Student: 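Before I ask anything, let me first share the structure, which is written out below as structure tokens.
Below, chain A is the first sequence line, B the second, and so on; all start at residue 1. On a predicted model such as this, the values are computed, not experimentally measured, just so you know.
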There are 2 protein chains.
Amino acid sequence: MKVGSTPTLTSKSSTLADDVFEQLRASIVKGELTPGSKINEPQLSKQHGISRGPLREAIRRLEGCKLVEIKPNVGANIVSLEIPQVIEIYEIRESLEGLASRLAALNASTEDCQKLRSLLTEHELHIHSQNGRRYYQREGDLDFHFQIVQLSRNSRLFDILCGELYHLMRMYRVQTANEPSRPVQAFKEHHQIVDAIEQGDGELAELLMNRHISTARKALLARLDAKPQTKFSENIDAGASAHQ
Amino acid sequence: MKVGSTPTLTSKSSTLADDVFEQLRASIVKGELTPGSKINEPQLSKQHGISRGPLREAIRRLEGCKLVEIKPNVGANIVSLEIPQVIEIYEIRESLEGLASRLAALNASTEDCQKLRSLLTEHELHIHSQNGRRYYQREGDLDFHFQIVQLSRNSRLFDILCGELYHLMRMYRVQTANEPSRPVQAFKEHHQIVDAIEQGDGELAELLMNRHISTARKALLARLDAKPQTKFSENIDAGASAHQ
DNA sequence: TAAGTAATTATTGTTGACAATATAGCCATG
DNA sequence: CATGGCTATATTGTCAACAATAATTACTTA
């Protein structure tokens with residue numbers, strides 16, 4: 001076995017466009033690029049030390065993830081998530097992660113289930129400190145869901161949830177520095193879901209995951225009704241305009 | 001004061017990248033660009049009379065739709081759908097269109113339902129001719145589903161289904177020049193779904209749509225079990241295809 | 001002949017410059 | 001004072017050339 005070889009050990013050899021895509025995605029999710037703001041191509045390309053060509057390709061990939069919106073001859077804007085749009089995402093998550101849970105129950109081996117358990121117990125260690133609570137809400141929660149999706153063995157499902165929706169979820173959670181929600185209850189529900197998966201009960205796992213996400217969605221809906229705020233309430237009958 | 005203004009009346013003013021993206025997407029779905037084949041940038045750019053810059057942006061958009069797969073420093077290949085991957089898509093459609101039907105039942109006005117009805121009756125006119133049957137299977141079917149998704153008023157759901165999955169569905173249906181499936185039965189099921197939506201029964205609409213898509217998925221699964229492996233097996237039991 | 005290797009070709013990745021469009025600032029005018 | 005049009009600026013869209021990498025060919029050697 002040669003030691004000094006493996007030419008690209010530290011610096012992985014991918015294209016500039018792909019690299020800057022990941023950097024930009026991270027920046028957007030972290031909120032370093034503020035939602036709604038405009039992307040200035042010359043500035044960004046100079047910042048990242050690359051030309052505008054690869055940058056534009058990266059932006060097109062971000063558009064595919066729905067992290068930016070491009071208007072021809074005008075430019076790209078960082079997407080800004082309002083509560084109604086987050087509710088839309090929750091509706092989709094409800095369906096899709098229910099499916100993922102059902103499939104996971106069919107596919108998961110005993111080792112897989114053990115892995116899920118250990119993930120949950122690890123989260124349990126963090127959950128008691130305030131710091132840990134935030135960790136659990138922000139990352140641990142999606143980590144768990146991520147594992148479930150992987151167990152579904154549906155690669156396209158994985159793409160949609162982990163390639164798009166979860167990034168948007170993280171972005172929203174960072175935006176609204178809110179937390180606490182109900183970490184203890186959520187934790188219990190996670191365990192119940194693993195129970196169902198462990199027993200190979202796909203239907204139950206699907207139902208439990210549906211309820212789990214539905215709860216969060218309804219909480220969001222309550223917040224929406226509470227503050228009909230800004231911009232004339234769109235919740236009344238927002239869809240009268242049959243666009244397209 | 002010049003009068004002959006409105007410069008772009010016939011020619012819509014979008015970017016070259018967006019135009020060629022739509023052209024390429026159509027070519028891929030129609031099968032003009034054969035699945036699995038490689039994309040040659042200089043050749044394609046010359047064919048479309050544009051430079052490689054906008055072309056590469058278009059390819060990146062195609063990657064977002066999962067119509068091509070890009071490998072760094074190698075190039076993009078037209079995606080090739082095998083049955084297992086189509087089954088994955090059906091699983092997702094089942095969940096997502098069930099959701100769409102449920103939401104549509106909540107949102108649809110009487111006019112919306114009339115529109116759905118007229119769409120179905122229009123399809124009924126075509127369904128009797130062999131030609132029409134193919135039309136119904138190929139286009140009419142997805143047209144109906146398209147309308148349901150619009151009625152859900154969930155823009156992100158619309159993006160996923162109509163922006164990605166339906167194009168892949170069309171592509172697959174063109175690839176496998178097969179049909180007939182079961183157009184009459186499917187037609188009945190469509191009417192049942194509209195019934196449920198008309199009555200505002202979201203749960204029923206969801207269940208019916210689930211069953212509707214599930215049937216197609218299971219038929220595909222049967223085909224997968226029938227010929228467990230590699231291509232070149234369709235000539236073995238080709239005796240069943242008496243027609244044509 | 002087969003296999004490995006070096007040279008050649010083709011294709012992708014990247015860049016900087018140019019053209020087209022939109023944005024802003026300014027001045028004139030009601 | 002507000003408004004409309006004009007100029008100037010900035011930004012996006014497009015292109016052609018160059019660099020880097022992969023694919024192919026030709027050649028050498030066992």
Student: Say you draw a straight line from NE2 of A:H145 to CG of A:L161; how long is it, rounded to the nearest 0.5 Å?
Tutor: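 Going from NE2 on A:H145 over to CG on A:L161, the span is 10.5 Å.
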
Student: If we count only N and O atoms by modelled type, under 3.5 Å, do the side chains of B:E82 and B:S80 hold a donor and an acceptor together?
Tutor: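 The criterion, which ignores hydrogens and geometry beyond distance, is satisfied for B:S80 and B:E82.
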
Student: Quick one: do A:E57 and A:R60 make a salt bridge, cutoff under 4.0 Å?
Tutor: no

Student: Strictly distance-based, threshold 3.5 Å: is any side-chain N or O of B:H167 a donor or acceptor partner for the main-chain N or O of B:C162?
Tutor: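 Checked: pair present.
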
Student: Is the distance from OP1 or OP2 of D:dT11 to the nearest side-chain N or O of A:K38 less than 4.0 Å?
Tutor: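 So the side chain of A:K38 is outside the cut-off, no N or O lying under 4.0 Å from OP1 or OP2 of D:dT11.
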
Student: Less than 4.0 angstrom between a side-chain N/O of B:N40 and OP1 or OP2 of C:dA10, yes or no?
Tutor: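 Answer is no, no contact under 4.0 Å.
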
Student: Can you see whether A:Q150 engages A:S152 through a side-chain donor-acceptor pair at a distance of less than 3.5 angstrom?
Tutor: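 Side chains of A:Q150 and A:S152: no pair found under 3.5 Å.
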
Student: Could you run down the sub-3.5 Å N/O contacts of the protein with nucleotides 13-21 of chain D?
Tutor:
residue: D:dG13; atom: OP1; partner: A:N73; partner atom: N; Å: 3.0
residue: D:dG13; atom: OP2; partner: A:R56; partner atom: NH1; Å: 2.6
residue: D:dG13; atom: OP2; partner: A:R56; partner atom: NH2; Å: 2.9
residue: D:dG13; atom: N7; partner: A:R52; partner atom: NH2; Å: 2.7
residue: D:dG13; atom: O6; partner: A:R52; partner atom: NH1; Å: 3.0
residue: D:dT14; atom: OP1; partner: B:L16; partner atom: N; Å: 2.5
residue: D:dC15; atom: OP2; partner: B:S51; partner atom: N; Å: 2.9

Student: Students often get this wrong, so: under 4.0 angstrom with heavy atoms, is B:I39 touching a base, only sugar-phosphate, or nothing?
Tutor: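 Contact class for B:I39: sugar-phosphate only.
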
